[in-house]
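For reference, the structure is listed below as structure tokens.
No hydrogens, no waters, no symmetry mates; every other heavy atom, side chains included, goes into these values. Along the sequence shown, the residues carry numbers beginning at 1.
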Amino acid sequence: MRQKSRLRFAPTLFAAFSLFAVSPAMAKGDDSNGGFAHDASDLKPDSRVVYGTLENGLRYAVMKNSTPSGVAAVRMRIATGSLNETKEQRGIAHFLEHMAFNGSKNVAEGEMIKRLERYGLAFGADTNASTGFSQTTYKLNLPTVGDDILNEAFFLMRETAENLTLDEEAIERERGVIASEKRSRDSINFRALIANMGFLTEGSGLTDRLPIGVDETIATMPRSEFVKYYRSYYRPENTFIAFIGDVETDLAIEKIKAYFSDWRPKTKALPQVKLPPADIVPGKIGYHHHDEILTFVSLGSLQPYVKWPDNKARRKEGLLRALGAQIVNRRLDRMIDTGEANFLNGSISRYAPEDTVDAWIIRLRSGPDNWKEALAAGDQEIRRALAYGFSQAELDEVIARQRKAQQVAVDRKGTRKTYARLEYNYAKELVDSFANERVFTAPEDSLARFEEFAAEITLEDVERVFRERWAGFEQPVVYLATSRKIDNPEKEIRSAFLASRQIAVSAPQSQQATKFAYTEFGEPGRVEKESYLADADAYTITFANNVRLNFKQTDFDADTIGIRVRVGSGFLSMPEKSEELRRLAENLLSRSGVEGHSADDLQTLFAGKNVGARVRLRPDNDALEVVGRTDPKDFADQMNLMTAHITAPAYRQQTAKRYHEKMEAWYPTHKASPMTVAEKELPRMIRSGDPRYGFSDLEAFLSPEIQDVRDWIDPQLQNGLIEITIVGDIDRATAIAEVARTFGALPERADSKGAFPEMRNLEFPSQPAEPFTYYHQGNADQAMVRVYWPAPDASDPKDPLRMQVLRSIFRNRLSNVLREDMGLTYSPGAGMFVSNLYDDYGYMFASVTAAPEKTDEVRQAILQVGEQLAAEPIDGDVFQRALKPIVDDIDSSLQNNGYWMSVLRDAQTSGYGMVRHRMRESVLREMTVKDISVMAKRIFGSNAAVAAYILPAPEENDEAEVALISD
């Protein structure tokens, strides 16, 4: 059997700095009061969280949460970041975060990561840190909660807090790593972001204190400055510890006290630095240019930042602000959906970084040639709202959406995750609430408060607050970032703005409510066969029309149901090998709504309901997929919508037009960095030029037409095999009944997929005499090296698991050699591709960002690492440290709906998911060093490695131009 897996990168190896310690729309936390936000608020904190303060001033919050069971998260937030640096220390806060992994009083240099891996923590995924303007946060995600791992976690946090050795030689070695990180992150888009921040916060000095620092201080700061900063700010009164997980709160508090109560500062504290406020200059104009950036224009109302306590009155004010903003955003979405917009996307939001300014900004992205039209649209839409306000129907819609979000939070309260990457999780939310001096309230209290507010809110209230927040829009600040060179930006931007002001705005048109048209699909289908999969506690059901249903009831996420509908043969069924056709088809199907309702109509129709669907046509997927997530109350509506996407697809001309406009705006920027070039060139290169991967020129992007998509997709939707997977908090009888009513009522479907042998052929390229070489137009000191080795396919289901462990070992070895020993890069990456769709094709690769002059040296070092893994025995401790995090994740994955969706998605067709599930645990637990050594020799000993360089373009790049212009 062959098992499919996605292309995956190993997690980033070392911690990253962040521009913002917290959300840029929020004020930063002020720890000077020594208490908690709820101490001075009329808001009641969530009773599940136990707060406390040690005698030395350290504060903590502890919460028992058993989803998933047997895991926990520790977060240690130090209230210091780049704002507390002196001019001579710029970058020291982030540098010091790196030094936390380079030796302490009781942990030798290089041992901390190894210790954590022995306890099952994968560095990067489970263990990391980040530095912002006003905080540094260390995190540990614990895969088990035994006494030994709890002791280790708190011991290492204490070592970081007080006992770093800050060895002078270690500091010297790390300088090159920091410089490499700075180089790797210094992209054209990053510079555009900083330029925009500098415009909005001008006068505050915020952009002079970026966490990454500056080259001069990174290269020269002496050890004495590290010690001074460390002792002055890493102090108990600046420390907040959050512990969340499947541990009784009393035990967690006992551990915190045991490890931190005797911490006493050894030096005098230095004060927290406060930035001056930004200058508020009405009518200020800003301009940023680079040939490789996407164009956007923004208009804003800037006001001085005022710090308010978090209380009931402020929560109501915040809701009123949000409602007005959401109404305007819906209007912008509607303009795009109906084809009226001269911009690609737009929205308004609050911007208040580090207490420097309180801004409301409308930002619109456009093509480089129609920024003036986008500017006018943004200006006029704000003026329309200020002049004519909103309608009750608009307010009702956004209130319904807010209410549903609050209700979902209550329903899922007991099963939200301790930690997660892409969804709400208690570890992040608890730390963010503390950092923002925001009361962490219980979901049911938030819902009750919302209902109280909603009963009182009037249209006049929302309009009043909107006008207050946009006060000063008579002379807004205007900012343009574009790839178009403008000789006199002040004159041209101001002229465009004044031209817009000459156009009178009219009242918005009212929108007529409709009723969803797709609720009846024929006689409900009959169940023809049903089987129970005991080892998955799941069912497979086949209906008389050949529609298949795979079902598993779970309580991992309360009131949450995941649905995946797989139709036809997807990527494999393309009539020609064309990435451009696939992209157009996916955009048409996912953004056109359904035949009787546009995407905008669907938003209004299902406002206040947990209903929505995405259509996906992914590479290396042998089905078109419609995916969605809902709850038991809205399950019937969700099934109606998903069935409508199959039976009544819309191929709207305005969707195709908008897609082409986005491509025309985006395509000229694809050489902006080594990574953007890699995305274009390397997927095609490593498949010997297969045109289904990567992409060609702009003309190719624009060549497919709607009829080409219809010719391909309609037969798949009308006749293709349908396999549905439902996993979540719903009973089997209801799930079967709803599928019978919808998909089961359709005409008979195909009972097999097409073979498409020509589409299943992939070839690893022959080794060239010299590396493949491509060029980017970004920063001249950035290059990328990729090295690929051919690897097994998934014919043996054990191979992907062995490759997963080998990839971890490979990544760690790359870090030891390239980062620690040679100082050539910040964070070398390792990835793999293995699939059940292609015979004799797979690969493993290394990806390294480096200085252009070091590319040959980096390539040789990567090849040598591979050769050593193939030729030399793998150390048993190295093997166990790579394997244990993967093994320890098994139990958590079994309590995850996403895992079961993956397992069951093809249970009645290929069955690969179930095959892998059935053997995963035994293969991992019985895996040996010999298994990995054999795999290493098979891959790295092949002598068929293919390398690629992405270098700065030989011609000179234009320097980015930034102009700040005031009246």
Side-chain angles (χ1 to χ4, degrees), residues 22 29 36-38 45-54 58-78 116 119-122 125-130 135 137-158 160-161 239-260 409-410 412-436 438-446 556-558 888-889 891-893 895-896:
V22 295
F36 297 95
H38 56 260
D46 192 322
S47 61
R48 295 174 296 170
V49 183
V50 180
Y51 295 89
T53 305
L54 302 183
L58 181 147
R59 284 167 287 174
Y60 62 82
V62 174
M63 176 180 175
K64 180 174 172 61
N65 185 57
S66 299
T67 307
S69 63
V71 306
V74 184
R75 301 289 184 266
M76 182 171 73
R77 176 188 183 270
I78 310 293
L116 290 165
Y119 281 97
L121 280 75
D126 302 322
T127 311
N128 219 319
S130 63
Q135 69 178 8
T137 305
Y138 299 89
K139 77 170 189 176
L140 294 176
N141 294 338
L142 311 182
T144 58
V145 290
D147 203 54
D148 56 345
I149 195 172
L150 294 179
N151 288 336
E152 182 74 4
F154 284 113
F155 161 74
L156 292 176
M157 286 297 193
R158 175 64 185 274
T160 299
T239 302
F240 170 71
I241 292 178
F243 182 92
I244 307 95
D246 198 8
V247 175
E248 296 300 326
T249 56
D250 289 346
L251 176 58
I253 292 170
E254 179 185 317
K255 296 292 184 185
I256 293 171
K257 289 179 177 178
Y259 282 93
F260 288 93
V410 173
R412 298 178 182 171
K413 168 185 174 181
T415 56
R416 279 179 158 171
K417 305 297 188 290
T418 290
Y419 57 83
R421 296 184 191 179
L422 300 176
E423 59 185 287
Y424 182 103
N425 65 90
Y426 286 122
K428 180 181 185 301
E429 296 300 325
L430 197 54
V431 174
D432 284 353
S433 292
F434 177 84
N436 291 315
R438 187 173 174 86
V439 181
F440 186 80
T441 56
E444 61 271 24
D445 291 340
S446 297
F556 308 139
D557 293 298
D888 283 353
D889 187 55
D891 289 343
S892 293
S893 69
Q895 300 173 57
N896 185 290

Original post:
Is there a side chain to side chain contact (heavy atoms under 4.5 Å, CB included) between Asp250 and Glu254 once you walk through the steps?
Top reply: CA-CA 6 Å; Asp250 289 346; Glu254 179 185 317; over 6 Å; no
**OP:** Would you mind reporting whether Thr249 and Val50 have side-chain heavy atoms less than 4.5 Å apart?
**Re:** yes
Original post:
With a cut-off of under 6.0 Å to the ring centre and 45° to the axis, is Arg416 in cation-pi contact with Tyr424?
Top reply: yes
Original post:
Taking the side chain as C-beta and beyond, is there a heavy-atom pair between Leu150 and Asp148 under 4.5 Å?
Top reply: no
Original post:
About how many Å separate CG of Asn128 and OH of Tyr138, when rounded to the nearest 0.5 Å?
Top reply: 11.0 Å
Subject >> Sequence-distant partners of Asn425, side chain to side chain donor-acceptor pair (under 3.5 Å), two or more places apart >> reply: none
**OP:** Could you check if a side-chain atom of Thr239 sits within less than 4.5 angstrom of a side-chain atom of Phe260, using non-hydrogen atoms only?
**Re:** no
Subject >> Heavy-atom side-chain proximity of Asn141 to Val71 below 4.5 angstrom >> reply: no
Subject >> Interatomic distance, Ser47 atom OG to Asp445 atom CG [nearest 0.5 angstrom] >> reply: 8.0 Å
Original post:
For Pro45 and Tyr51, which heavy atoms make the closest approach, and how far apart are they?
Top reply: CB-CE1, 4.3 Å
**OP:** Using the test side chain to side chain donor-acceptor pair (under 3.5 Å), find all partners of Glu444 that sit at least two apart in sequence or belong to another chain.
**Re:** Lys413
Subject >> Separation between CZ of Arg412 and CD of Glu423, rounded to the nearest 0.5 Å >> reply: 9.0 Å
Original post:
Could you give the distance from CD1 (Ile256) to CZ (Arg158), rounded to the nearest 0.5 Å?
Top reply: 13.0 Å
Subject >> Backbone N/O of Arg438 and side chain of Asn436: donor-acceptor pair under 3.5 Å >> reply: no
Original post:
Taking it one step at a time, do Phe440 and His38 satisfy side chain to side chain contact (heavy atoms under 4.5 Å, CB included)?
Top reply: CA-CA 8 Å; Phe440 186 80; His38 56 260; over 6 Å; no
Original post:
What distance do Met76 atom CE and Met157 atom CE have between them, rounded to the nearest 0.5 Å?
Top reply: 5.5 Å
Original post:
With side chains defined as the heavy atoms from C-beta onward, is the minimum distance between Leu121 and Leu140 less than 4.5 Å?
Top reply: yes
Subject >> Check against side chain to side chain contact (heavy atoms under 4.5 Å, CB included), Arg48 and Tyr426 >> reply: CA-CA 11 Å; Arg48 295 174 296 170; Tyr426 286 122; 3.1 Å; yes
Original post:
Tell me, do Asn896 and Phe556 make a side-chain contact under 4.5 Å, heavy atoms counted?
Top reply: no
Original post:
Do Tyr419 and Lys139 have side-chain heavy atoms sitting under 4.5 Å apart?
Top reply: no
Subject >> Contacts of type side chain to side chain donor-acceptor pair (under 3.5 Å), residue Asn65, not counting sequence neighbours >> reply: Thr418
Subject >> Main-chain N/O of Gly70 paired with Asp246 side-chain donor or acceptor, under 3.5 Å >> reply: yes
Original post:
Taking all non-hydrogen atoms of both residues, which atom of Thr67 and which atom of Gly414 are closest, and how far apart?
Top reply: OG1-O, 3.4 Å
**OP:** Identify the heavy atoms of Ala252 and Phe154 that sit nearest to each other, and give their distance.
**Re:** O-CZ, 4.5 Å
Subject >> From Thr127 atom OG1 to Leu142 atom CG, the distance as rounded to the nearest 0.5 Å >> reply: 8.5 Å
**OP:** List the steps, then state whether side chain to side chain contact (heavy atoms under 4.5 Å, CB included) holds for Lys64 with Glu248.
**Re:** CA-CA 6 Å; Lys64 180 174 172 61; Glu248 296 300 326; 3.3 Å; yes
**OP:** Verify, without hydrogens or angle tests, whether Arg59 (side chain) and Thr53 (backbone) share a donor-acceptor contact under 3.5 angstrom.
**Re:** no
Subject >> salt bridge (Lys or Arg N to Asp or Glu O under 4.0 Å) evaluation trace for Arg77 with Asp432 >> reply: CA-CA 10 Å; Arg77 176 188 183 270; Asp432 284 353; over 6 Å; no
Subject >> Least distance between heavy atoms, Val431 atom then Phe240 atom >> reply: CA-CE2, 4.2 Å
Original post:
Which atoms form the tightest heavy-atom contact between Gln135 and Ala435, and what is the distance?
Top reply: OE1-CB, 3.5 Å
Subject >> Pairwise side-chain contact, Ile244 with Lys417, heavy-atom cut-off 4.5 Å (strictly under) >> reply: no
Subject >> Closest contact, heavy atoms only, Gly52 versus Phe36 >> reply: O-CZ, 3.5 Å
